[in-house]
*Asks:* 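Dropping the structure in here first, questions after.
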Amino acid sequence: MSFAVLKPTMDSFNTVFRFLTNQKTTIGYGIMAIATIGGERLFSLFSFQCPCNTKQNFTYGLTYLLGPALVLLTVGLFLSTPLWRLYTGCCLNPMKLCPRANCIGCISIFMKAVVGALVAPIMWLSVALLNGTFYECAVSGLQDQVIVDLFCKNRTISCRTELAKVPCKTSSLPAPEANDLLLMLKAQSQILGWVLIISSALAGLIGTCYTNCRSQVSYLQLTFWKIYMQKEREKFDSFAEDYATKLAERNLKSFFDNTEPEAFPFPNHTAWEQVSAVYTYKHSDQCYSTLQKYVERPDRDYSSEKTPLQMEHSLE
């Protein structure tokens, strides 16, 4: 009786779990957006203090506006597995970048890595511009005649000298005029923020449409391909951890028992190089990854590496 009562609960739990698993990319972007908003608010409230002078406003405001975006871009590229899979070892063997003189795959992977890494910086810039604090400080310090004329046209003479103090609300300008200038700065910042959001959304839509339009497989097969690649990566991590554990146990057993190490089947260096190569789908292959392409080769080399790690330098 208790099992019958628990079964609907377990089914509901499994349904929720599958939904969260299938939507993990969307959830990840949602968490990233929340973290970006929170980070921007913390910077604005506790760290950012506009100097409010013409010599430092622009540099200070622009640093807070673009600095975190550049850091997020760098971190995004650093965490891009496809990018490192492509470029690892390319200094010793530049032909890895363009195998068989085909550089399209290299450029495609690089562009995808950059686009993926741009998500967080764009979120930061969008939130920062919509808030307006950093932009107000930066633009108010510009001494360009066009900018100054834009804000101070038909205003008091002191507007040109007091513009940099407007973000701090310490200017000697009349309150209505100072508030008007502050609203102009905030309005420009928010307009740029929405332009960035709309441009990014349109670019993403156009890019997705172009990619799907140029796809060599149908939508369902493309969906299957993505699922397969995800599962292959997950299983690879699991297999790698399992084999690494067995290899460590074998080596430690040989060391402490002071005996010859047992034979350990292990892919050779050539096999590792081939499964790490950039994969481009071809109808003639009907394979979904370089790993599948390698294991189904009729001339596959089954010889094992005598020593599981034979490299010219240490990993440590």
*Asks:* Within the structure provided, determine whether T290 and Q274 are in side-chain contact (heavy-atom separation under 4.5 Å).
*Replies:* no
*Asks:* Is a side-chain donor or acceptor of S199 paired with a backbone partner of L196 at a separation under 3.5 angstrom?
*Replies:* no
*Asks:* Decide disulfide (SG to SG under 2.5 Å) for C168 and C50; before the verdict, give the C-alpha distance in whole Å, the side-chain angles of both, and the deciding distance to 0.1 Å.
*Replies:* CA-CA 7 Å; C168 299; C50 185; 4.7 Å; no
*Asks:* So Y294 and W272, do their side chains get closer than 4.5 Å, heavy atoms only?
*Replies:* no
*Asks:* To the nearest 0.5 Å, how far apart are CZ in R233 and OG in S289?
*Replies:* 10.0 Å
*Asks:* Using the side chain to side chain contact (heavy atoms under 4.5 Å, CB included) definition, which of the options L181, I157, L173 pairs with E162?
*Replies:* L173
*Asks:* Give a yes or no on this: more than 12 heavy atoms of other residues, nucleotides or ligands lie within 6.0 Å of atom CG of N258.
*Replies:* no
*Asks:* Can you label the angle between the Y228 ring and the F224 ring as parallel, tilted or perpendicular, going by 30° and 60°?
*Replies:* parallel
*Asks:* Quick one: CG on D149 to CG on N154, what's the gap to the nearest 0.5 Å?
*Replies:* 10.5 Å
*Asks:* Over all heavy atoms of both residues, which pair between S80 and A113 is shortest? Give the atoms and the distance, please.
*Replies:* OG-CB, 3.5 Å
*Asks:* Is it the case that one hydrophobic cluster holds both V217 and M229, taking links as side-chain heavy atoms less than 4.5 Å apart, direct or via other members?
*Replies:* yes
*Asks:* Are V75 and L73 joined in one hydrophobic group, where the rule is that I, L, V, M, F, W and Y side chains link up if heavy atoms are under 4.5 Å apart?
*Replies:* no
*Asks:* If you define the side chain from C-beta out and look only at heavy atoms, does anything of V146 sit under 4.5 Å from L150?
*Replies:* no
*Asks:* Compare every heavy atom of L291 with every heavy atom of V275, then report the nearest pair and how far apart it is.
*Replies:* CG1-CD1, 4.0 Å
*Asks:* Would I191 and L129 count as a side chain to side chain contact (heavy atoms under 4.5 Å, CB included) if you check the C-alpha gap in whole Å, the side-chain angles of each, and the deciding distance to 0.1 Å?
*Replies:* CA-CA 8 Å; I191 290 172; L129 287 171; over 6 Å; no
*Asks:* Within this structure, what is the NZ-OG distance for the pair K165 and S158, rounded to the nearest 0.5 Å?
*Replies:* 10.0 Å
*Asks:* State whether the side chain of R250 and the backbone N or O of E262 hold a donor-acceptor pair below 3.5 Å, judged by distance alone.
*Replies:* yes
*Asks:* Kindly work out whether a path of hydrophobic side-chain contacts (I/L/V/M/F/W/Y, heavy atoms less than 4.5 Å apart) joins I197 to W124.
*Replies:* no
*Asks:* Backbone N or O of N131 within a donor-acceptor pair of the K186 side chain at under 3.5 Å?
*Replies:* yes
*Asks:* Side chain to side chain donor-acceptor pair (under 3.5 Å) with K235: which residues, sequence neighbours excluded?
*Replies:* none
*Asks:* Indicate, with yes or no, whether the SG-to-SG separation of C52 and C137 is under 2.5 Å.
*Replies:* no
*Asks:* If we only count heavy atoms from C-beta on, is the F151 to V166 side-chain gap below 4.5 Å?
*Replies:* no
*Asks:* Looking at Y135 and L192, what are the two nearest heavy atoms and their distance?
*Replies:* CE1-CD1, 3.5 Å
*Asks:* Not counting sequence neighbours, which residues clear salt bridge (charged side-chain N to carboxylate O under 4.0 Å, His left out) with K55? List them please.
*Replies:* none
*Asks:* Side chains of P121 and L70, heavy atoms from C-beta outward: is any pair under 4.5 Å?
*Replies:* no
*Asks:* Please report the interatomic distance SG(C287) to CD(E296), rounded to the nearest 0.5 Å.
*Replies:* 4.5 Å
*Asks:* S108 and K112: side chain to side chain contact (heavy atoms under 4.5 Å, CB included), yes or no, with the steps?
*Replies:* CA-CA 6 Å; S108 175; K112 288 180 180 178; 3.7 Å; yes
*Asks:* Would you find more than 12 non-hydrogen atoms of other residues, nucleotides or ligands less than 6.0 Å from F110 atom CZ?
*Replies:* no
*Asks:* Which pair of heavy atoms, one from L65 and one from A128, lies closest together, and at what distance?
*Replies:* CD1-CB, 3.7 Å
*Asks:* If you round to the nearest 0.5 Å, how far is CG of N57 from CD of E136?
*Replies:* 11.0 Å
*Asks:* Check for me, please, whether L163 and I147 land in the same ILVMFWY cluster - side-chain distances under 4.5 Å, paths through other members count.
*Replies:* yes
*Asks:* Students often mix this up, so state it plainly: with edges at 30° and 60°, are the rings of F239 and Y243 parallel, tilted or perpendicular?
*Replies:* parallel
*Asks:* Short question: side chain of S254, backbone of T259 - any donor-acceptor pair under 3.5 Å?
*Replies:* yes
*Asks:* Report yes if some heavy atom in the side chain of V114 is under 4.5 Å from a heavy atom in the side chain of L77; otherwise report no.
*Replies:* yes
*Asks:* Which pair of non-hydrogen atoms, one from L62 and one from A138, has the smallest distance, and what is that distance?
*Replies:* N-CB, 3.8 Å
*Asks:* Check the angle between the aromatic planes of Y64 and F134 and answer parallel, tilted or perpendicular using the 30° and 60° thresholds.
*Replies:* tilted
*Asks:* Does N212 offer a backbone N or O that forms a donor-acceptor pair with the side chain of Y219 under 3.5 Å?
*Replies:* no
*Asks:* Which heavy atom in E241 sits nearest to a heavy atom in T245, and how many Å separate them?
*Replies:* O-OG1, 2.7 Å
*Asks:* Check whether any side-chain heavy atom of S200 lies under 4.5 Å from a side-chain heavy atom of I122, and answer yes or no.
*Replies:* yes
*Asks:* Decide if atom CE of M111 counts as having more than 12 heavy atoms of other residues, nucleotides or ligands within a radius under 6.0 Å.
*Replies:* no
*Asks:* Apply side chain to side chain contact (heavy atoms under 4.5 Å, CB included) to residues I109 and R85 and explain how you reach the verdict.
*Replies:* CA-CA 10 Å; I109 289 179; R85 182 175 181 176; over 6 Å; no
*Asks:* Got a sec, which residues hit salt bridge (charged side-chain N to carboxylate O under 4.0 Å, His left out) with K246, two or more places apart in sequence or on another chain?
*Replies:* D242
*Asks:* Are L118 and L130 linked, directly or through intermediate hydrophobic residues, by side-chain heavy-atom contacts shorter than 4.5 Å (ILVMFWY only)?
*Replies:* no
